[in-house]
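To keep things clear, I will list the structure first and then write my remarks on it.
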Amino acid sequence: MNKLTLAPTSKMNSPDFIFGVATAAFQIEGAANTRLPNIWDTFCSIKGNISDGSNGDIACDHVNLWQQDLALIASLGVDAYRLSIAWPRVMTKEGTLNQAGVDFYIRLLDLLKTYNIKAFVTLYHWDLPQYLEDQGGWLNRNTAYEFAHYADLISQAFGERVYAYATLNEPFCSAYLGYEAGIHAPGLKGKQYGKKAAHHLLLGHGLAMLALQKNSPKSQNGIVLNFTPAYPASDSKADINAARYADDYFNQWYIKPIFDGCYPDLINTLPKEQQPDILPGDMTIISQKLDYIGVNYYTRAVYQADATHIFKELPPQAPKTDIGWQIYPQAFSQLLTHLHQTYPLPPMYITENGAAMADKLEHGHVHDQNRIDYYQSHLDAVNDAIDIGVDIRGYFAWSLMDNFEWAEGYSKRFGIVYVDYQTQQRTIKASGLAYRNLILQRNQDKK
C-alpha cells in the first residue's frame, strides 16, 4: 500500500494537530565560508571520523536554495517546519549578532509566514562554535552562559516570527556521543566527560528558557529529547536491572532533572570523577516550566547483564533500516505512554521520526515503500498513545530531505525528498507524496 492512512476517528485528523517536516542547519545549509567554524567542521577534517570522508561545506546548499526549498515544503501541505539556527552563523566571537546571518533567517521566517507555515526553531542542533570548544566546549560551565546569551540576542532579533522554540536538540547525542563515546564532534572519549557535558547542556537549556520566557512569551518554548527505549534480553532479574540502568544512563538522565529537579539515583553510584559539577541553584534553573516537550524516536535497544560494564547492548534484530536500527514501532507507543505516566508532562510534539533506507532514483522516481511502511506503523503508534490519553499535538517527519548524516556522511538517506548531491536537484520520494496526500486529505476533510 503506497499511501498513509489514519482511522477516521483519529485525533490526528483534527485541524489543530500539526504535521511538519524537520531539518538541521549543519546537515543542509552548506555555505561554510559565510559563518564561523564549528566543532563539526573540525571533526570532519580529521581522517576516519566520517564514514565517506565528507563534510558539511556544501551539504544541500540550502543557504543558496532556501527559497526553492521553502516552496517545496509548502507543496507538501505541512502545517509547520522545524529548522535549527546555526549558532556560528548568527554570532561573532565578540558575542554580538552577525547581522548578515540573522537577516538570512529573518527572510526565511518571513517567507514561512507568507506560506502560513509555523516555524519551530531549534537553537542548538550540535554545531557549537569552534572558538567555544577551544575554551573547553560543554565541559566548560561558561558555555552554558554563552548559549543563554546567544538565545537572548537571537530571540530578540526574531521578534514574534517563531511559533515554537526548542533550546536543545537531543542533549544525549551532544554529551554522550560527542564527549564520552567520541563518535560525534568534538570526538572526546572518556566516562569522566559525558555527564559533566550533559549537566552544562541542561544548565544552558534552563538559562536559555529564562531568556525565551522574557523575550518571546507568546511562543511555545521547550526542549527536544531523544529516547531509545531499553528492553531486557530476557526475563531474568539481572537483565531487567541491566536494562533499567541503561535506561537511566541514556534516557532518564536528560528528562528527570527537567521535570523532577534531580538526576536518576545512579548518580550516586558513579565514581567521583564521572559525576557532574552541580552548583547550588542549578537544578532549579534546569527544571524551568516548559510549554511543550519534543520527543524524537527511531528505534529501541536490547540489553543483557554484564559483569564488567553492568549492561551490554545486543546487536539489533531484523527488520532493520539502512542505518542498522531495528524497526520496532510498539516501543514508540510504549515509550510515549511510559513518559506520560512517569512525569508531569506539558503537551508533547513528536519532533523527529523516520528511517534511513537504501533509496534509488530510477527514471525520476524513488519508490521507497519500506519507508512508507515505517511511517504508517509509527503514525499508528502515535495514534495509540493519543487514544490512551497522551497529549500529543503534532508530528514531524525526519527528514525533509536527504542530507549530511553526521558520522555517516552522505551514505545514509533519511529524507522524504531525494537529493542528488552533484546537481542539488530535489525529487519528492513516494513517501513524501504519501505524507503530502495524508495531510491534504485531512485538510480536505476539515473543510
Side-chain angles (χ1 to χ4, degrees), residues 21-66 68-70 72 81-93 98 100-102 104-105 108 121-134 137-138 150 168-170 173-174 177-179 181-188 224 226 296 322-323 352 354 356 359 398-415 417-426:
V21 289
T23 64
F26 188 78
Q27 293 181 272
I28 68 167
E29 281 187 357
N33 60 337
T34 60
R35 58 162 172 78
L36 293 175
N38 67 48
I39 56 175
W40 275 93
D41 295 317
T42 305
F43 191 71
C44 290
S45 71
I46 300 170
K47 189 175 181 182
N49 281 347
I50 309 301
S51 66
D52 61 1
S54 64
N55 57 47
D57 289 359
I58 299 173
C60 303
D61 201 24
H62 174 69
V63 165
N64 292 311
L65 302 176
W66 67 274
Q68 169 191 321
D69 287 339
L70 262 59
L72 175 66
Y81 173 43
R82 179 173 173 248
L83 67 146
S84 77
I85 306 303
W87 184 350
R89 192 176 295 287
V90 297
M91 295 292 292
T92 68
K93 282 186 182 180
N98 175 349
V102 174
F104 165 72
Y105 291 110
L108 190 153
V121 167
T122 303
L123 292 175
Y124 185 68
H125 201 127
W126 310 354
D127 49 355
L128 185 71
Q130 182 60 43
Y131 70 87
L132 288 176
E133 181 59 37
D134 293 341
W138 290 110
Y150 147 59
L168 307 175
N169 176 78
E170 301 183 346
C173 293
S174 296
L177 299 181
Y179 287 86
I183 55 178
H184 276 192
L188 270 65
V224 169
N226 64 302
N296 295 353
D322 189 45
I323 208 167
E352 286 182 28
D359 300 318
W398 183 272
S399 169
L400 166 66
M401 64 178 102
D402 298 332
N403 54 46
F404 178 82
E405 185 45 43
W406 307 112
E408 301 291 343
Y410 298 96
S411 66
K412 304 300 177 186
R413 294 180 178 270
F414 274 88
V417 174
Y418 186 93
V419 176
D420 181 322
Y421 297 114
Q422 301 304 312
T423 65
Q424 292 297 343
Q425 183 173 345
R426 278 72 157 137

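In what follows, residues are counted from 1 in the order of the sequence shown.
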Would you indicate whether the side-chain heavy atoms of [Y] and [X] approach each other to under 4.5 Å?
X: Gln130; Y: Leu36; result: no
X: Leu128; Y: Trp138; result: yes
X: Trp66; Y: Leu70; result: yes
X: Gln68; Y: Arg426; result: yes
X: Val419; Y: Asn403; result: no
X: Ile85; Y: Val121; result: yes
X: Cys60; Y: Met401; result: yes
X: Cys44; Y: Phe404; result: yes

For this session: Would you please test Asn49 and Trp40 for side-chain contact (heavy atoms from CB on, under 4.5 Å) and show each step?
Result: CA-CA 10 Å; Asn49 281 347; Trp40 275 93; over 6 Å; no

For this session: Could I get the full list of side-chain contact (heavy atoms from CB on, under 4.5 Å) partners for Asp41, not counting sequence neighbours?
Result: Phe26, Arg35, Pro37, Asn38, Asp57

For this session: Answer with yes or no whether the side chains of Tyr81 and Thr23 bring together a donor and an acceptor at under 3.5 Å.
Result: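 Indeed, the side chains of Thr23 and Tyr81 share at least one donor-acceptor pair under 3.5 Å.
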
Between [atom1] on residue [X] and [atom2] on residue [Y], distance to nearest 0.5 Å:
X: Leu168; Y: Leu123; atom1: CG; atom2: CG; value: 8.5 Å
X: Glu170; Y: Asn296; atom1: CD; atom2: CG; value: 4.5 Å
X: Leu177; Y: Leu188; atom1: CG; atom2: CG; value: 13.0 Å
X: Arg82; Y: Leu400; atom1: CZ; atom2: CG; value: 12.5 Å
X: Trp406; Y: Cys173; atom1: CH2; atom2: SG; value: 9.5 Å
X: Ile39; Y: Asp134; atom1: CD1; atom2: CG; value: 11.0 Å

I'd like to know if the side chain of [X] and the backbone of [Y] have a donor-acceptor N/O pair within less than 3.5 Å.
X: Tyr150; Y: Tyr124; result: no
X: Tyr105; Y: Val90; result: no
X: Ser51; Y: Glu408; result: yes

Exercise. Can Val417 and Leu72 be said to form a side-chain contact (heavy atoms from CB on, under 4.5 Å), step by step?
Worked result: CA-CA 9 Å; Val417 174; Leu72 175 66; 3.9 Å; yes

For this session: Any chance you could lay out the side chain to side chain donor-acceptor pair (under 3.5 Å) test for Asp420 and Gln424, step after step, and finish with the verdict?
Result: CA-CA 5 Å; Asp420 181 322; Gln424 292 297 343; over 6 Å; no

Problem set entry | Results of side-chain hydrogen bond (donor to acceptor under 3.5 Å, both in side chains) for Asn226 - residues two or more places apart only |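 Residues passing side-chain hydrogen bond (donor to acceptor under 3.5 Å, both in side chains) with Asn226: none at all.
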
Return the minimal non-hydrogen interatomic distance between [X] and [Y], and the atom names on each side.
X: Asp402; Y: Gly415; value: OD1-N, 2.9 Å
X: Tyr179; Y: Gly137; value: OH-CA, 3.7 Å
X: Gly187; Y: Phe43; value: CA-CE1, 3.7 Å
X: Lys412; Y: Ile323; value: CG-CG1, 4.1 Å
X: Asn169; Y: Val224; value: OD1-CG1, 3.4 Å
X: Ala22; Y: Ser399; value: O-OG, 3.1 Å

Exercise. Under the side-chain contact (heavy atoms from CB on, under 4.5 Å) criterion, do Asp127 and Gln27 qualify, and how do the steps go?
Worked result: CA-CA 10 Å; Asp127 49 355; Gln27 293 181 272; over 6 Å; no

Exercise. Is it true that atom CD1 of Ile58 has more than 12 heavy atoms of other residues, nucleotides or ligands lying nearer than 6.0 Å?
Worked result: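 It does not: Ile58 CD1 has 12 such atoms or fewer within range.
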
Exercise. So, are Asp359 and Arg413 salt-bridged, with charged N and O less than 4.0 Å apart?
Worked result: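 So Asp359 does not pair with Arg413 through a salt bridge.
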
For this session: Dump the intermediate steps for side-chain contact (heavy atoms from CB on, under 4.5 Å) on Glu29 and Phe104, then the final yes or no.
Result: CA-CA 11 Å; Glu29 281 187 357; Phe104 165 72; 4.0 Å; yes

